[in-house]
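Notes for the one structure printed next.
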2 protein chains.
Amino acid sequence: MLDAGTVVPCCPPITAGELSQDDAEKMAAMFKALSDPVRLRLFSKVASHAGGEACVCDISDVGVSQPTVSHHLKKLREAGLLTSERRGTWVYYKVAPPVVAAMSAMLDLRT
Amino acid sequence: MLDAGTVVPCCPPITAGELSQDDAEKMAAMFKALSDPVRLRLFSKVASHAGGEACVCDISDVGVSQPTVSHHLKKLREAGLLTSERRGTWVYYKVAPPVVAAMSAMLDLRT
DNA sequence: CGTCTATGTTGACACTCATCGATACCAGTG
DNA sequence: CACTGGTATCGATGAGTGTCAACATAGACG
């Protein structure tokens, strides 16, 4: 699939040195995934759900149509921030802790 | 100016609960500022510079034209991630720690 | 198999954005 | 004052993106 499960966190804190072109593109793609209000809300709904996991049906009331929700979830998946799994009728999304941790660590300003 | 110095960090870790529409829009705007490779590189150059501060002339070799660099720095300023100050001939940009810290804290997955 | 519900995909459209050349603004220096 | 170098703004353009309606797919159930 397009799950981008191979995305590997890459970078030390920004204070540690300039990003390479490559690293900048990788990290920018992750930030871009969270750069839309609808995606941020979907992401927060999954992350704050019990076990960091939620069914699409539990989180899809964000004010846009169902295809749009699906589209945004795909973006979050491709960015490596979420993973998805089908269990019977429903599809469950859960957060990918390593990737999120990499973003958080990059913005850590402690020297 | 448009410095958006009034942008206030708002949000607890995503694991703590769903974001409101308003908070989602605020945070999305910050993430969007870092969602471009050129901006990320500019930001990392400033953040990794001595004192978290750098002259535009020190950081503008990112492979795009001077107007484009200026445009991206403006975006980072408007998002509240950087502040700027003119000192004589040169303009210096420095990181805005509270805003960056808010983004980092939001992605903290500890429960 | 047929049907129903949940989710993903496609195609189209309006809108935003990154980029550049040209130009304007600002502060020294002569 | 004119001139020069650093930075910001403007206008245009091509690429990218969020959104929806329509359709497709997948599993459950009879």
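Residue numbers start from 1 in every chain, and the chains themselves are labelled A, B, ... in the order their sequence lines are given, proteins ahead of strands.
- For A:Gln21, the side chain to side chain donor-acceptor pair (under 3.5 Å) criterion is met by A:Glu25, B:Arg41, not counting sequence neighbours.
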Report each atom pair, protein N/O against N/O of nucleotides 15-21 of chain D, whose distance is under 3.5 angstrom.
{"residue": "D:dT17", "atom": "OP1", "partner": "A:Lys32", "partner atom": "NZ", "Å": "3.1"}
{"residue": "D:dG18", "atom": "OP1", "partner": "A:Arg39", "partner atom": "NH1", "Å": "3.3"}
{"residue": "D:dG18", "atom": "OP1", "partner": "A:Arg39", "partner atom": "NH2", "Å": "2.9"}
{"residue": "D:dG18", "atom": "OP2", "partner": "A:Arg39", "partner atom": "NH1", "Å": "3.4"}
{"residue": "D:dG18", "atom": "OP2", "partner": "A:Lys75", "partner atom": "NZ", "Å": "2.9"}
{"residue": "D:dT19", "atom": "OP2", "partner": "A:His72", "partner atom": "NE2", "Å": "2.3"}
{"residue": "D:dC20", "atom": "OP2", "partner": "A:Ser65", "partner atom": "N", "Å": "2.8"}
{"residue": "D:dC20", "atom": "OP2", "partner": "A:Ser65", "partner atom": "OG", "Å": "2.9"}
{"residue": "D:dC20", "atom": "OP2", "partner": "A:Thr68", "partner atom": "OG1", "Å": "2.8"}

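- Taking both residues in full, the closest heavy atoms of A:Pro37 and B:Ala28 are given as N-CB, 3.6 Å, listed atom of the first, atom of the second, then distance.
- An OP1 or OP2 oxygen of C:dG8 is reached within less than 4.0 angstrom by a side-chain nitrogen or oxygen of A:Tyr93.
- Regarding B:Tyr92, its OH atom lies at a distance of 15 Å from the C1' atom of C:dC26, rounded to whole Å.
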I'd like a table of donor-acceptor pairs (distance under 3.5 Å, sequence neighbours excluded) in which one partner is a side-chain atom from residues 91-103 of chain B, with atom names and distances.
none

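- Within the 4.5 Å cutoff, no side-chain heavy atoms of B:Val46 are placed close to those of A:Ile14.
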Enumerate all atom pairs, one protein N or O and one N or O from nucleotides 24-30 of chain D, separated by less than 3.5 Å.
none

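- The side chain to side chain donor-acceptor pair (under 3.5 Å) search around B:His71 returns none, not counting sequence neighbours.
- With sequence neighbours left out, B:Ser65 forms a side chain to side chain donor-acceptor pair (under 3.5 Å) with B:Thr68.
- The stretch residues 47-62 of chain B has no heavy atom under 4.0 angstrom from DNA chain C at all.
- For the side chain to side chain contact (heavy atoms under 4.5 Å, CB included) test, no residue two or more places apart in sequence or in another chain qualifies with B:Ala29.
- Residues satisfying the side chain to side chain donor-acceptor pair (under 3.5 Å) criterion with A:Lys45, sequence neighbours excluded, are A:Asp61, B:Glu18.
- Take B:Ser20 and apply the side chain to side chain contact (heavy atoms under 4.5 Å, CB included) test, not counting sequence neighbours, and it matches B:Asp22, B:Asp23.
- Screening residues 27-37 of chain A for side-chain hydrogen bond (donor to acceptor under 3.5 Å, both in side chains), with sequence neighbours left out, gives no hits.
- Comparing D:dT9, C:dT7, D:dA8 by their closest approach to the side chain of A:Trp90 singles out C:dT7.
- Atom CD of B:Glu78 and atom C1' of D:dT9 are 12 Å apart (whole Å).
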Side-chain donor-acceptor distances from residues 49-58 of chain A under 3.5 Å, at least two apart:
{"residue": "A:His49", "atom": "ND1", "partner": "A:Glu53", "partner atom": "O", "Å": "3.0"}
{"residue": "A:Glu53", "atom": "OE2", "partner": "A:Arg87", "partner atom": "NH2", "Å": "2.8"}

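- In this structure, NZ of B:Lys74 is placed 14 Å from C1' of C:dC25, rounded to the nearest angstrom.
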